[in-house]
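A short write-up of the structure that comes next.
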Number of protein chains: 2
Amino acid sequence: MRTKLAVALLPLMLGAETASAPPAAPAQDVRFVTLGTNSGPIPNPERAEPANLLKVGDRNILIDAGDGAAWQLAKAGVHLPEIHTIFISHLHFDHTGGLFALISQRYQMLEPSPLAIYGPPGTKALVDDLVAAIMASSMGGNNMRAFMPGDPAANLHVTELTDGAEVALGDVKVKAVRNTHYVATPGGDAPDALSFAYRFDTPHRSVVFTGDTGPSEAVEQLAKGADLLVAEVMDPDISLVSIFADNPDTPMMIRDMIADHFRREHLSPQEVGEMARRAGVKQLVLTHDAIPDDDIPAARETIAKYYAGPFAFANDLDSF
Amino acid sequence: MRTKLAVALLPLMLGAETASAPPAAPAQDVRFVTLGTNSGPIPNPERAEPANLLKVGDRNILIDAGDGAAWQLAKAGVHLPEIHTIFISHLHFDHTGGLFALISQRYQMLEPSPLAIYGPPGTKALVDDLVAAIMASSMGGNNMRAFMPGDPAANLHVTELTDGAEVALGDVKVKAVRNTHYVATPGGDAPDALSFAYRFDTPHRSVVFTGDTGPSEAVEQLAKGADLLVAEVMDPDISLVSIFADNPDTPMMIRDMIADHFRREHLSPQEVGEMARRAGVKQLVLTHDAIPDDDIPAARETIAKYYAGPFAFANDLDSF
């Protein structure tokens with residue numbers, strides 16, 4: 001009885017908002033904030049792990065959730081319970097590592113607001129296991145169990161997407177398209193392994209996020225005429241030289257495998273420029289940045305050779 | 001066959017260190033780095049969630065692992081695979097939210113070095129579920145499955161501690177003692193709910209970390225004569241005024257419950273000062289800082305009234 005009362009009153013006493021549906025998206029300002037611009041999974045003191053915020057009026061959409069995503073959101077001025085929607089591009093851990101903190105801290109904050117998570121096949125099992133980890137903590141040695149809402153999954157809704165899937169969030173239309181991040185890796189031939197690019201069409205602006213990908217006609221089509229294309233970028237040649245300098249004994253077969261991965265599953269400056277030009281996008285932003293600082297000027301020159309529009313290499317918390 | 005070869009060669013090709021036992025602790029420099037000093041779980045733009053690094057020579061011990069702990073470690077110059085030991089004080093999510101990113105990114109980095117995690121009852125189930133989440137991601141849609149070592153738990157060892165438990169790590173002796181963070185919360189009467197303070201005795205320096213706690217004779221005893229006491233601190237009166245100003249309709253019974261939680265399960269400036277004096281510690285550091293900046297000068301004065309030794313309010317990445 002006492003417990004029930006406490007649970008019912010806690011949102012009030014802790015200053016939380018009462019439960020409410022996600023706000024409708026007013027046709028307002030549309031901003032894309034690069035919360036984390038590292039190309040994980042090796043932590044980088046200078047850049048947070050991959051995460052992005054798409055603000056459409058009052059609607060906050062998180063795109064990928066690497067380590068520290070909840071913290072980066074706070075730095076961008078977004079309170080955790082104001083996130084009602086997350087899109088995950090693919091299940092590499094540099095893009096999902098921050099989900100546990102995000103879901104569990106939200107739970108500990110006693111916020112009943114709904115959270116919808118969209119991602120490739122596997123996302124549901126991932127979130128189910130994170131919820132189990134929350135339950136294990138709450139049951140096994142956590143004094144807040146009386147304060148906690150009973151089921152950490154109660155307001156969580158996971159939707160696994162397929163290639164070409166469309167999602168409507170008020171007047172924001174989202175489309176998921178399979179990219180080429182999984183085409184070359186040995187063993188990566190499982191038919192259920194999907195990595196997505198996303199397009200977000202809002203009343204006043206369209207934004208396409210490539211996710212991690214190599215060259216892809218499907219992503220190029222998805223990006224047609226977009227106001228903003230947010231693309232990953234790496235320079236395979238620079239990365240290969242660096243790796244093999246550190247590991248001179250790497251056998252030729254392994255060198256070829258790595259080169260194949262870099263060349264077919266990531267985008268070089270030239271490929272990004274070509275994709276942006278062919279798609280006719282109005283602005284280009286580079287993130288998931290695997291190019292050393294010293295080599296950025298050369299990468300800029302290369303991109304400018306292929307794409308005449310405005311472009312920028314993003315830093316954490318930049319807004320476009 | 002190809003997969004096995006790839007797995008065997010990956011540490012080499014990706015520049016990883018080869019598998020090795022944790023280094024023995026030389027009797028060298030002992031530093032305590034406050035990686036994250038926020039009092040969670042509400043993300044704070046100015047402070048990372050709770051996490052601390054104890055460096056004893058080449059040995060790196062992580063104490064608590066809030067959101068972004070892996071990132072804070074990188075900022076402190078510690079490569080993820082160089083962490084072989086984690087101590088968790090208790091299972092509130094502001095202290096564990098970063099564990100998923102830490103374990104999963106380490107796995108994605110293909111680092112086979114061992115990782116021992118110590119914590120209260122519930123820690124094993126928590127880590128098991130996080131490992132399951134890694135497996136779900138790898139099986140359900142992750143192209144790196146061929147690269148991944150088969151079992152993400154293979155080099156993970158979880159030990160659940162009881163009140164008074166001692167752990168020897170080379171010449172570092174660790175002792176866990178039940179603190180009072182769980183004494184007052186309604187429903188927090190489960191006999192298996194433990195929250196710990198830790199003492200680390202090294203050849204040249206002794207460090208005591210209170211965890212989250214209220215006044216506690218056991219923690220005071222644990223801290224006797226320590227070179228460094230790292231303590232949480234909050235001002236219950238300031239926090240209560242602020243909460244009830246925001247929520248003026250909070251019923252009296254609930255006000256009493258919250259006040260009881262703040263007063264018995266957290267440490268006020270006076271209580272911290274008294275604990276440090278009675279324990280005769282040589283230096284005091286305040287973290288898990290719930291005191292607004294404007295009120296820090298008054299808190300300093302109060303502490304100085306009760307404790308004559310040197311003390312400091314820690315910021316993220318400070319080293320003591």
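So you know, we letter chains A, B, ... as the sequences are listed, proteins then strands, and number each from 1. Bear in mind the structure is a predicted one, so any value in this text is a computation, not a measurement.
At a threshold of 4.5 Å between non-hydrogen side-chain atoms, the residues A/Arg47 and B/Trp71 do not count as touching.
With hydrogens and angles disregarded, no donor-acceptor distance shorter than 3.5 Å links the side chain of A/Asp67 to the backbone of B/Ala101. For B/Asp129 (side chain) and A/Asp129 (main-chain N/O), no donor-acceptor pair under 3.5 Å exists by modelled atom type.
Distance check, rounded to the nearest 0.5 Å: CG of B/Leu126 to CD1 of A/Ile134 gives 10.0 Å. If you take NE2 on B/His92 and CD on A/Gln105, they are separated by 12.5 Å, rounding to the nearest 0.5 Å. Rounding to the nearest 0.5 angstrom, the gap separating the OG atom in B/Ser137 from the NE2 atom in A/His90 is 11.0 Å. A distance of 9.0 Å separates CG in B/Leu80 from CD1 in A/Ile42, rounded to the nearest 0.5 Å. Distance check, rounded to the nearest 0.5 Å: CG of A/Leu102 to CZ of B/Phe93 gives 13.0 Å.
In this structure, the portions of A/Thr96 lying under 4.5 Å from any heavy atom of chain B include both its backbone and its side chain. With a threshold of 4.5 angstrom between heavy atoms, B/Arg255 does not approach chain A through any atom at all. Residue contact with chain B, scored on non-hydrogen atoms closer than 4.5 Å, involves the side chain of A/Glu49 exclusively.
Contact tally against chain B (heavy-atom pairs below 4.5 Å) for A/Gly40, A/Gly77, A/Ala132: the top residue is A/Ala132.
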